[in-house]
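Okay, so here's the structure we're looking at.
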Amino acid sequence: MRIRSKCRGLLRIRTFMLMGILLLLLLPRLLSPIPELLDRWLTETLHQAEQNRQEVAVDQIISRVAANPLHWSDTEWQASVKNTLNGTDTGLMLLDETGQEMFRTGPPGAIRNPYREILVTENGKVTGTILLFTPDDHTAAILSASLSILLIVCIVLFIRRQMGRYVVKPLEAMSEATRKIAEGNMDFQLPRTTVVEVNEVGTALHELSEEIQKSIKRQSQLEHERRFYIGAIAHDLRTPLFALRGFLSRLEQGLARSPEKAERYLTICRQKAEHLERLVSDLSSYVKSDILEQTIQKQSVPFSMLMREIIDGYRPLAAAKDVEIVANDPDDPCRVKADEHMLERAIENLMDNALRYTPSGGRIEITWERKSDCVQFTLSDSGPGIPSKVLPHIFDPFYREDTSRNSESGGSSGLGLTIAKRIVKAHGGNLTAVNRPSGGTSFTGWMSFYRDEGPPEK
């Protein structure tokens, strides 16, 4: 089963996965400017007013501290400076002229790296140093990292959603569909996908379901035909067997009181036995006709010679029934590549059918000729013809115009025409039937001629 899927607008699963991986790899570089932009925005919009207020307060403290270096060691003065700095994020450290620490205050983490250093001098001599500190601000970095992680998580979730929508869910639906198919339920729907491989698997499942449905339908039809064939075979076997048993029983009981009557009973028994033999032969040929293409052995067959031999064999039977056989008998050998025995069986089946339905005083016409690429033959009788409603079914197995299936009316097993057509078709040709305007039925068949004809017939 060949899978054909329209790939327009679809992505292969490798491309789909590669796009997701590239997106994850490029994401950090794409997000790297965000922290700086965020920090700048936060600094300019949120902290600007607070920083201005703190700078004014710090400038006032610096002026106060620088103006009174003698009070740096005073505990009360230190307590007042500390209270003043409690409302800010600024840390303060005072060093004496030797660099020794005299006082420090500020929030935790604020006394690390000074951002401002002020020397206090008197008469050109350094009397102390003021160091100002601010705590390390990691807010922007933390916020930026959090935002980056959030964006990465969002993209991962998006990729997961797309994978789930176009890969995982269709595969889950296909798994459920296979379970339904195994249970004999062909009613399922698969979600749409843009991934080529997944789409092809879904298409294959739908085609598999359709093929299984066709197979089930065909199996049902075959089962119906099988039952019909068995019934038809049983009926066809029962009819001559019933008659044969009846006449044999009469002979056994001595009901044939005269030699003429006994001879008549024996003749009928012989005819019924011959009928059974033909029926069994037809059934055997019908079974073999299913594998004709594998079993026939083709060789160069002179079609004209074969037709003359068959016609000569049927002339005594036709004469006994007062039926005339007319053949065109061309000089062309019309060689065909065929299984001679099988081809002879097909022509004889057509001759049997024509002779059976041609009344006394009637005529059977047979013609054959080589066309441009085939050998064509026609066999016509002058019988009553075939009703138009029956004509399309005459090549069906066990189908007879005589719907009563009474063998006494001249019917046979209903397989002769079926076998004939199967044999002709196995040789690469065909067999058709039409009613003649003048009355009767005309059967026309054809098959390819054998191109390497060799020497002409003598």
Side-chain angles (χ1 to χ4, degrees), residues 278-279 281-286 288-289 292 296 301-321 323-330 334 336 338-359 362-371 374-387 390-402 410-436 438-448:
R278 289 196 304 271
L279 176 59
S281 178
D282 283 346
L283 290 174
S284 177
S285 299
Y286 173 70
K288 293 179 180 178
S289 68
L292 275 177
I296 60 175
V301 176
F303 190 76
S304 294
M305 182 181 294
L306 178 66
M307 292 296 290
R308 285 196 291 267
E309 291 176 354
I310 294 174
I311 292 171
D312 290 342
Y314 274 87
R315 288 192 186 278
L317 297 176
K321 195 177 178 181
V323 173
E324 181 184 8
I325 298 179
V326 179
N328 66 329
D329 197 5
C334 297
V336 294
D339 186 314
E340 185 172 0
H341 174 71
M342 287 294 180
L343 186 56
E344 182 180 3
R345 180 64 186 273
I347 303 299
E348 287 180 350
N349 284 356
L350 295 177
M351 289 292 296
D352 286 339
N353 184 78
L355 192 59
R356 182 180 305 114
Y357 289 103
T358 301
R363 177 173 176 163
I364 298 175
E365 299 177 1
I366 305 172
T367 63
W368 65 92
E369 61 180 333
R370 185 169 70 172
K371 298 288 187 179
C374 67
V375 174
Q376 180 175 299
F377 63 91
T378 302
L379 195 151
S380 305
D381 61 63
S382 59
I386 302 174
V390 176
L391 190 59
H393 304 287
I394 61 171
F395 294 111
D396 294 344
F398 299 103
Y399 192 92
R400 281 198 298 266
E401 178 185 348
D402 181 10
S412 64
S413 64
L415 294 173
L417 295 180
T418 303
I419 295 170
K421 183 164 185 174
R422 287 189 177 183
I423 291 175
V424 174
K425 292 187 71 174
H427 286 80
N430 200 5
L431 181 65
T432 59
V434 295
N435 284 322
R436 304 171 65 190
S438 59
T441 306
S442 180
F443 290 86
T444 301
W446 64 268
M447 62 187 65
S448 299

Backbone of T441 reached by a side-chain donor or acceptor of D381 within 3.5 Å: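 Pair found, side chain donor or acceptor close to backbone of T441.
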
Quick one: closest heavy-atom pair of [X] and [Y], and the distance?
X: E340; Y: V301; value: CB-CG2, 4.0 Å
X: A338; Y: L343; value: CB-CD2, 4.0 Å
X: L355; Y: K321; value: O-NZ, 2.6 Å
X: F395; Y: T418; value: O-OG1, 2.9 Å
X: G362; Y: S382; value: CA-OG, 3.4 Å

Can you measure from [atom1] ([X]) to [atom2] ([Y]) and round to the nearest 0.5 angstrom?
X: F377; Y: I366; atom1: CZ; atom2: CD1; result: 10.5 Å
X: W446; Y: K371; atom1: CH2; atom2: NZ; result: 13.0 Å
X: E369; Y: S304; atom1: CD; atom2: OG; result: 11.0 Å

Output, in order, the C-alpha distance, side-chain angles, deciding distance and verdict of side chain to side chain contact (heavy atoms under 4.5 Å, CB included) for N349 and N353. CA-CA 6 Å; N349 284 356; N353 184 78; over 6 Å; no

Side-chain touch [X]/[Y], heavy atoms, less than 4.5 angstrom:
X: M447; Y: N430; result: no
X: D329; Y: I311; result: no
X: I364; Y: Y314; result: no
X: D339; Y: H427; result: yes
X: M351; Y: L317; result: no

Could you please spell out the steps behind the side chain to side chain contact (heavy atoms under 4.5 Å, CB included) verdict for I386 and Y357? CA-CA 10 Å; I386 302 174; Y357 289 103; over 6 Å; no

N328: which residues meet the side chain to side chain contact (heavy atoms under 4.5 Å, CB included) condition with it, sequence neighbours left out? P330, T367, W368

For a side-chain contact (heavy atoms from CB on, under 4.5 Å) with S442, tell me which candidate from L379, V434, T432 qualifies. V434

